[in-house]
J.: 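Encoded as structure tokens, here's the structure I'll be asking about.
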2 protein chains.
Amino acid sequence: MSSIPDLTAHLGYLLRMVSNAVSQEFARKVAREGVTVAEWVMLRALFGRDAITPTALAGEMGMTKGAISKLAERLLDKGLIERTDNATDKRGHSLSLSPRGADKVPILAALADTNDAAFFAVLSGDQRDHLQGVLRDIIGKHGLTVVPVD
Amino acid sequence: MSSIPDLTAHLGYLLRMVSNAVSQEFARKVAREGVTVAEWVMLRALFGRDAITPTALAGEMGMTKGAISKLAERLLDKGLIERTDNATDKRGHSLSLSPRGADKVPILAALADTNDAAFFAVLSGDQRDHLQGVLRDIIGKHGLTVVPVD
DNA sequence: TATTGTTATACTCTATAACTATA
DNA sequence: TATAGTTATAGAGTATAACAATA
């Protein structure tokens, strides 16, 4: 008789809620280091690897070329990444961390460590491991690119 | 010797990746119904309950009054919610679903159902249950408000 | 004065599409 | 023509802070 739908929270909904909460806290912390979460993701993607073209990076990060271009410009302004002209093809170039950017990554990684530890301290070690396993499972099966390959 | 930090993906990072993937897919689907994800969250929050003040809603949704005001204005324009003047205090008013909005919620909920089912089909039933349990645990222990109380 | 809500302003994030320079 | 990348434009999402009306 009633048309009240079953509003039991969906997994995607719960996931978004938790994800937003962690990310917002993290965003405040990295802001003190002068970067945004998206910038951190790009820095992380560039760490410990060869220079990469914007287009390739766009593919890995699941963003458009335009978005990468804008993000890269801000990181260039902040002196955290560098552009290197392509020797053979004058249209392209490569992006890589600057020395300052490379120094920054461990600092930001440490912030991520403490933020994660604090936020997920409400879980048991087993729960954390399980959660990590399930998330990696989803990522693998959907072919999502874990940008910073580890 | 090396200064390479341990970039093992953090839980917050994995969570954000998965959450973004689900939400982006869902966003495309609800867009066909003419609403955004944030609008769906507000509609869901208003469903099956008494009218609520913008300030109270802001508290529940973890947003500022200004953000709620902007979101509400769009939903008013779309005819999905209604404003009712407060009888006793002329400063305030209450928000509630319009008949059209109330009709829309089940449709959007069904979209969320199918989107969730499709996305999380890569998991076993046990994994899904476990994931839901862990997320609810985090939400409860952090006192995050599951907007649409169920 | 304090509170309710709107508005002004600003910035991030992101997409689409037009454009430039090169191939 | 096709490709690499930038830029222009636009809109969502969100915050802060100034503001108007009322209490």
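Protein chains get the first letters and strands the later ones, always in sequence-line order, with residue 1 at the start of each.
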J.: Tell me: CE of B:Met63 to P of D:dA12, nearest whole Å?
T.: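 It works out to 13 Å between those atoms.
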J.: Over how many whole Å does the gap from A:Asp85 atom CG to D:dT6 atom P extend?
T.: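 These atoms are roughly 11 Å apart.
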J.: Below the 4.0 Å mark, does D:dT7 have OP1 or OP2 next to a side-chain nitrogen or oxygen of A:Ser69?
T.: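 No, A:Ser69 has no side-chain N/O under 4.0 Å of OP1/OP2 on D:dT7.
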J.: In terms of the nearest nucleotide of DNA chain D, which residue is placed more toward the 5' end: A:Arg83 or B:Glu39?
T.: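 First, find each residue's nearest nucleotide; the 5'-ward one identifies A:Arg83.
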J.: Which comes earlier along DNA chain C counting from the 5' end, the contact point of A:Thr88 or that of A:Ala67, where each point is its nearest nucleotide?
T.: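 By nearest-heavy-atom nucleotide position, the 5'-most residue is A:Ala67.
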J.: Side-chain donor or acceptor of A:Lys70 under 3.5 Å from a matching atom on the base of C:dT14?
T.: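 Check passes, donor-acceptor contact within cut-off.
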J.: Please report the distance, rounded to the nearest Å, between CZ in A:Arg74 and C1' in C:dT14.
T.: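 Checked: the CZ to C1' distance equals 11 Å.
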J.: Specify the separation, in whole Å, of atom NZ of A:Lys65 and atom P of C:dC19.
T.: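 So the NZ-P distance, A:Lys65 to C:dC19, works out to 15 Å.
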J.: Could you check whether B:Asp89 gets within reach of a base, just the sugar-phosphate, or nothing at all, counting any heavy atom under 4.0 Å?
T.: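 Touches sugar-phosphate only.
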J.: Would you tell me whether B:Arg16 and A:Ser19 have side-chain atoms, one donor and one acceptor, within less than 3.5 Å of each other?
T.: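 Judged by distance alone, the side chains do not pair up.
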J.: Hey, which of B:Arg100, B:Arg28, B:Lys104, B:Lys78 is the one that makes salt bridge (Lys or Arg N to Asp or Glu O under 4.0 Å) with B:Glu33?
T.: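 Answer after filtering B:Arg100, B:Arg28, B:Lys104, B:Lys78: B:Lys104.
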J.: Tell me whether the side-chain N/O atoms of B:Thr36 come closer than 4.0 Å to OP1 or OP2 in D:dA12.
T.: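 Checking B:Thr36 against D:dA12: no side-chain N or O falls below 4.0 Å of OP1 or OP2.
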J.: Looking at C:dG5, D:dA15, D:dT6, which one has an atom nearest to any side-chain atom of A:His93?
T.: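 So the nucleotide nearest the side chain must be D:dT6.
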J.: Just compare D:dG5, C:dT22, C:dT6 and give me whichever is closest to any side-chain atom of A:Pro54.
T.: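 In terms of side-chain proximity for A:Pro54, the closest of D:dG5, C:dT22, C:dT6 is D:dG5.
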J.: Can you label the angle between the A:His130 ring and the B:His130 ring as parallel, tilted or perpendicular, going by 30° and 60°?
T.: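 Ring orientation, 0 to 90° scale: tilted.
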J.: Is the distance from OP1 or OP2 of D:dA15 to the nearest side-chain N or O of B:Thr64 less than 4.0 Å?
T.: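 For D:dA15, OP1 or OP2 has a side-chain N or O of B:Thr64 closer than 4.0 Å.
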J.: Rounded to the nearest angstrom, tell me the gap between atom CG in A:Leu71 and atom P in C:dC11.
T.: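 After rounding, the reported distance stands at 17 Å.
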J.: Check the angle between the aromatic planes of B:His142 and A:Phe119 and answer parallel, tilted or perpendicular using the 30° and 60° thresholds.
T.: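 Parallel.
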J.: Please compare B:Gln24 and B:Ala56 by the position of their nearest nucleotide in DNA chain C and report the one closer to 5'.
T.: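 Checking each residue's closest nucleotide, the 5'-ward one belongs to B:Ala56.
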J.: Have a look at A:Gly66 and say if it touches a base, only the backbone sugar-phosphate, or nothing, with a 4.0 Å heavy-atom cut-off.
T.: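 Base contact.
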J.: Can you tell me the distance, in whole Å, between the CG atom of A:Asn20 and the C1' atom of C:dT12?
T.: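 About 14 Å, once rounded to whole Å.
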J.: Does a side-chain N-to-carboxylate-O contact under 4.0 Å join B:Glu73 and B:Arg83?
T.: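 A salt bridge is absent here (no side-chain N lies under 4.0 Å from a carboxylate O).
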J.: Between A:Arg91 and B:Lys90, which residue's closest nucleotide on DNA chain D lies nearer the 5′ terminus?
T.: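 Its nearest nucleotide being more 5', the pick is A:Arg91.
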J.: Does the side chain of A:Thr55 get closer than 4.0 angstrom to OP1 or OP2 of D:dG5 through an N or O atom?
T.: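 Yes, such a contact exists.
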J.: Other residues, nucleotides and ligands only: do more than 12 of their heavy atoms fall within 6.0 Å of NZ on B:Lys90?
T.: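 Counting neighbours around NZ of B:Lys90, 12 or fewer heavy atoms of other residues, nucleotides or ligands fall under 6.0 Å, so no.
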J.: Rounded to the Å, how far apart are B:Glu73 CD and D:dT14 C1'?
T.: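 Rounding to the nearest Å, CD of B:Glu73 and C1' of D:dT14 are 15 Å apart.
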J.: Output the rounded distance in Å from CZ (A:Arg16) to P (D:dA12).
T.: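 Nearest whole value for this atom pair: 17 Å.
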